[in-house]
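When reading the values below, keep in mind they use all heavy atoms of this one structure, side chains included, and skip hydrogens, waters and symmetry mates.
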Amino acid sequence: MINTPLSALEVALVQTGARAVDTLRDTAAFAQGLERLGYQRIWYAEHHHSPAIGAFPPVVLTAHAAASTSSIRLGSGGVLAPNHAPITLAEQFGTLAALHEDRIDLGIGRGPGTFDEVTARALRRGAGPATDEEYQNDVAAILSLLVDEVALGPLPEPWLLASSTAGAALAAELGLPIAVAHHIRPQNTLAVLERYRAAFTPSRWCERPRVLLCVEAVCAETEEMAAWRVGPMEVVKAGLLKGRSEIPFPTQEAAAAHPFTAEERQALEAFRAQQAVGTPEAVVHRLTQLVRGTGADELMLTTPVYDLRDRIRSYELIKQYIDATTTR
């Protein structure tokens, strides 16, 4: 049985027929719920121009949740370096770290946070996608600015998000802890970890390789209920398989009636097998396999379930099962 710290990634899903402001209002309640359950940290993802995900800046959600809690770590997972000036990110997260000592994380990623090219260019004020060199320079600048210019006392804990060996190489070179996006590209996970551990160089930020593995986890009392709750996200994923990013996050009833093709079902089942969906026993068994197979130091669970109660219940069932089995 695993004895690994558990954390959460929040992507602020907005269900069809609901208002984005309702999702936003759930932020504090979600953070308070996971703090009570004993989760290690919550990270907020950066997304733009999506009908299924709210465009809420991670720095704002972090500040809001930090003001509503007292001990859980909070931060970005991630804030996307190509969309922001390094000095801006350093100032924002440096300020948060000063206000909430030893509780703030700065998870840095590369993607644009949108599939829409117009939006991506607007975020970069007309510039095209960042080159490898530009991204590497931005990350290095953020770290340097945190230390040399904007430090107000305690520093945020920096992490590098990665789903490729290129990201792993950068995290290793800079001596940063790595957050591996297994929930996005599970086929890359082992190669990413091998590259990271082989090339890791100790730094002021991290003395040894440190791995956080992000996994999609949806837990319910029965297999059938877990499948019901994961249904809306599978509709969105099926749209992405067709190159469609404008798919709204449907209701569970609409998802249950959605006509998946045989090819879509096969792809979704293959992806689900790499994640953790089902009863508490099945989910924890799968998480245990992932920890043993990757040597992860921490698991970050992302639960793409709209209803706040169902989402918190999923995290609760997982934590309760682990606690019960480790105390026997």
Side-chain angles (χ1 to χ4, degrees), residues 1-11 30-31 33-45 65 71-78 103 105 107 109 157-163 167-168 171 176-194 196-197 206 208-220 226 229-230 233 271-305 311-327:
M1 185 58 59
I2 58 174
N3 187 24
T4 306
L6 297 178
S7 296
L9 173 67
E10 176 65 293
V11 294
F30 179 74
L34 266 64
E35 183 174 70
R36 286 194 299 270
L37 291 172
Y39 276 75
Q40 176 90 351
R41 68 185 89 232
I42 301 172
W43 284 356
Y44 301 99
S71 59
I72 194 168
R73 295 193 67 92
L74 299 154
S76 57
R103 294 184 60 203
D105 299 329
E157 184 173 272
W159 291 72
L160 199 73
L161 280 60
S163 62
L176 292 177
I178 192 172
V180 181
H182 183 83
H183 66 302
I184 297 176
R185 294 189 179 92
Q187 70 275 15
N188 292 357
T189 295
L190 293 181
V192 167
L193 291 176
E194 182 179 1
Y196 172 66
R197 290 181 172 130
C206 201
R208 62 173 182 82
R210 185 178 172 197
V211 174
L212 179 152
L213 191 73
C214 190
V215 182
E216 184 175 300
V218 177
C219 189
R229 289 178 181 167
V230 82
M233 192 60 189
F271 179 83
R272 191 190 297 185
Q274 297 293 319
Q275 309 301 320
V277 178
T279 63
E281 182 178 9
V283 168
V284 173
H285 176 70
R286 177 60 185 147
L287 294 177
T288 302
Q289 288 181 320
L290 286 168
V291 170
R292 289 174 178 169
T294 63
D297 300 292
E298 184 173 338
L299 289 173
M300 177 164 279
L301 311 181
T302 181
T303 303
V305 174
R311 199 158 72 254
I312 292 178
R313 181 59 174 160
S314 177
Y315 286 100
E316 181 181 34
L317 288 169
I318 294 169
K319 189 69 166 58
Q320 286 179 342
Y321 188 88
I322 292 173
D323 290 347
T325 52
T326 53
T327 56

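- Using modelled atom types, no side-chain atom of Thr302 and backbone atom of Glu216 make a donor-acceptor pair closer than 3.5 Å.
- Lys319 approaches Gly38 most closely through the heavy-atom pair CE-O, 3.9 Å.
- Glu298 meets the side chain to side chain donor-acceptor pair (under 3.5 Å) test with Ser7, Arg41; sequence neighbours excluded.
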Yes or no on side chain to side chain contact (heavy atoms under 4.5 Å, CB included) for Leu287 and Tyr321, after CA distance, side-chain angles and deciding distance?
CA-CA 12 Å; Leu287 294 177; Tyr321 188 88; over 6 Å; no
Cut-off 3.5 Å, no hydrogens considered: what does the side-chain donor-acceptor table look like for residues 277-284, sequence neighbours left out?
from   : atom 1 : to     : atom 2 : distance (Å)
Thr279 : OG1    : Ala282 : N      : 3.3

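- Looking at Leu301 and Tyr39, their side chains come closer than 4.5 Å, going by heavy atoms from C-beta outward.
- The backbone N or O of Ile72 lies less than 3.5 Å from a partner atom in the side chain of Arg103, making a donor-acceptor pair.
- The side chain to side chain donor-acceptor pair (under 3.5 Å) search around His182 returns Thr189, not counting sequence neighbours.
- Between Tyr315 and Phe30, a ring centre-to-centre spacing shorter than 6.0 Å is recorded.
- Looking at Arg313 and Glu316, a side-chain N of the basic residue comes within less than 4.0 Å of a carboxylate O on the acidic one, giving a salt bridge.
- With sequence neighbours left out, Arg36 forms a side chain to side chain donor-acceptor pair (under 3.5 Å) with no residue at all.
- A salt bridge links Asp105 with Arg73: the distance from a Lys NZ or Arg NE/NH1/NH2 to an Asp or Glu carboxylate oxygen falls below 4.0 Å.
- Using a 4.5 Å heavy-atom threshold, the side chains of Ile178 and Val192 count as touching.
- Qualifying side-chain contact (heavy atoms from CB on, under 4.5 Å) partners for Val291, counting only residues two or more places apart in sequence or in other chains: Ile2, Thr4, Leu299.
- Evaluation of the side-chain contact (heavy atoms from CB on, under 4.5 Å) rule for Gln289 yields His285, Arg286 as partners, not counting sequence neighbours.
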